[in-house]
2 protein chains.
Amino acid sequence: MPTASLLAYQPHDHDRCVVRAMQRAQSLCDAKGARLTPMRKRVLELIWQSHQALGAYDLIAALLQEGSKAAPPTVYRALEFLQETGLIHRIASLNAYIGCSVHKGPHMSCLMICKQCRNVQEKAHPELEQLLLQPAVLGKFLPEQSVVEITGLCPACQKAPIDCPTKD
Amino acid sequence: MPTASLLAYQPHDHDRCVVRAMQRAQSLCDAKGARLTPMRKRVLELIWQSHQALGAYDLIAALLQEGSKAAPPTVYRALEFLQETGLIHRIASLNAYIGCSVHKGPHMSCLMICKQCRNVQEKAHPELEQLLLQPAVLGKFLPEQSVVEITGLCPACQKAPIDCPTKD
DNA sequence: TTGTAAATGTTATAACATAACACTTATTTC
DNA sequence: GAAATAAGTGTTATGTTATAACATTTACAA
Ligand SMILES: [Zn+2]
Ligand SMILES: [Zn+2]
Ligand SMILES: [Zn+2]
Ligand SMILES: [Zn+2]
């Protein structure tokens, strides 16, 4: 039986992921008094098309495809908004973006990035948070943001080294 | 008394850091049968000028300054070599590079990046390594590389919010 | 409805990184 | 030692990611 925490690497009803993500986005914006404009909403939907990380220029291409005028600043502004709102994460080691799947407040999470299928699984990680923020570890360093990214092979790609079955 | 592990944020005899780093580089290359050419050596020295992260184009500018012909490919090739040899780390969240200060073999380390003075402290972290690589955490994900970067304020910059005293 | 702030459009450019191929230098083999 | 081979660097061009600056539009409030 598939674990919920490995959803990104399993065939699953992805429409539910999308619906949940968009509902959460709307209510989070409502709660914060932020505006989920059509552009921001569309960018978020595009990001949630799959569990694969998308680059900013992938998004621009997709928007142009569907007739929207989308120059880089437009998309980068949407991405910035979505990040600040906690709806997406930027993946530093890929220069790409992924929907946040941890439905909690601010959290330190670990991103597991399959180098082959590019699917990304986010894992909330209280222990990691604890461990990383211990004074014993950081000394007198005052942490603000963290990037924890593990690159490797997802379960599916370990079995099928050439083409990973879970493309969505 | 300054802890060895927070050297980057303390005034210290940085020449010793440089000497140690260059000695280690030479012996590591000798051991591996790799060639620490003048270009590679100079790039490594430039990176070790300080504990601040340097971008590739900072290095290019520095090399041009000193009369060396240095187009991007040259520097990126040196950086690639130094990374593979384990002498430097790339900081994904900054697009910048820092000398490795953990004198061991391959290691998973945590980089503490001061957002103000840009000084970077590397901390080797066996516990983190253990924690991150636990099956309980990663499931059946097969890890290969990890990026752990914490951005915040170093001890010095917490005290002097405008200009950090440890610029070297 | 008119003023204000927020969001988006538009143009240009900055910052980071690599492809492709020529040339030079070091190392091996004969 | 000379020729062959491999490793490293030079050079030109271009690809990829991201932002600056300013004009215009849209949403909301007074
Ligand atoms: Zn899904
Ligand atoms: Zn998240
Ligand atoms: Zn030092
Ligand atoms: Zn290191």
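In what follows, every chain begins at residue 1, and chains take the letters A, B, ... in the order their sequences are listed. Quantities reported herein were computed from a predicted structural model and do not represent experimental measurements.
- Clustering of Ile, Leu, Val, Met, Phe, Trp and Tyr side chains at separations under 4.5 Å places B:V120 together with B:I91, B:L94, B:I98, B:L111, B:I113.
- In this entry the distance linking CG of A:L79 with P of D:dT16 reads 18 Å, nearest Å.
- Here the CG-OG1 distance, from A:L63 to A:T74, works out to 9.0 Å after rounding to the nearest 0.5 Å.
- The hydrophobic cluster containing A:F81 also contains A:L54, counting ILVMFWY residues as joined when their side-chain heavy atoms lie under 4.5 angstrom apart, directly or transitively.
- The hydrophobic clustering, which links ILVMFWY residues whose side-chain heavy atoms are closer than 4.5 Å, places B:Y9 and A:L142 apart.
- The side chain of A:T74 places an N or O atom within less than 4.0 Å of a non-bridging phosphate oxygen (OP1 or OP2) of C:dG9.
- At distances below 3.5 Å, at least one donor-acceptor pair connects side-chain atoms of B:S50 with backbone N or O atoms of B:Q52.
- Note: CZ (A:R77) to C1' (C:dA6) measures 11 Å, nearest angstrom.
- One can place CZ of A:R42 at 15 Å from P of C:dG9, the figure rounded to the nearest angstrom.
- Under the 4.5 Å side-chain heavy-atom criterion for Ile, Leu, Val, Met, Phe, Trp and Tyr, B:L7 and B:W48 are members of distinct hydrophobic clusters.
- Note: CG (A:L36) to P (C:dA6) measures 17 Å, nearest angstrom.
- Rounded to 10 degrees, the angle separating the terminal axes of the helix from C:dT1-D:dA30 to C:dC30-D:dG1 is 20°, with each axis obtained from five end pairs.
- In this structure, the side chains of B:L36 and B:T85 stay at 4.5 Å or more apart for every pair of heavy atoms.
- Salt bridge annotation for B:R42-B:E45: present, with a cationic side-chain nitrogen under 4.0 angstrom from a carboxylate oxygen.
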Each nucleotide of nucleotides 13-18 of chain C classed B (base within 4.0 Å of a protein heavy atom), S (only sugar-phosphate) or -, in 5' to 3' order, makes ---BBB
Every protein N/O within reach of nucleotides 5-8 of chain D N/O, cut-off under 3.5 Å:
unit_1, atom_1, unit_2, atom_2, d
D:dG8, OP1, B:R40, NH1, 3.1
D:dG8, O5', B:R40, NH2, 3.4

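- Counting only residues at least two apart or on different chains, the ring-ring contact (aromatic ring centres under 6.0 Å, His included) pairs with a member in residues 88-109 of chain B are B:H89-B:H107.
- Rounding to the nearest 0.5 angstrom, the gap separating the CE atom in B:M108 from the CD atom in B:Q130 is 11.0 Å.
- In this entry the distance linking NZ of B:K69 with P of C:dA22 reads 19 Å, nearest Å.
- The hydrophobic cluster around A:V147 extends to B:V147, counting ILVMFWY residues whose side-chain heavy atoms fall within less than 4.5 Å of a member.
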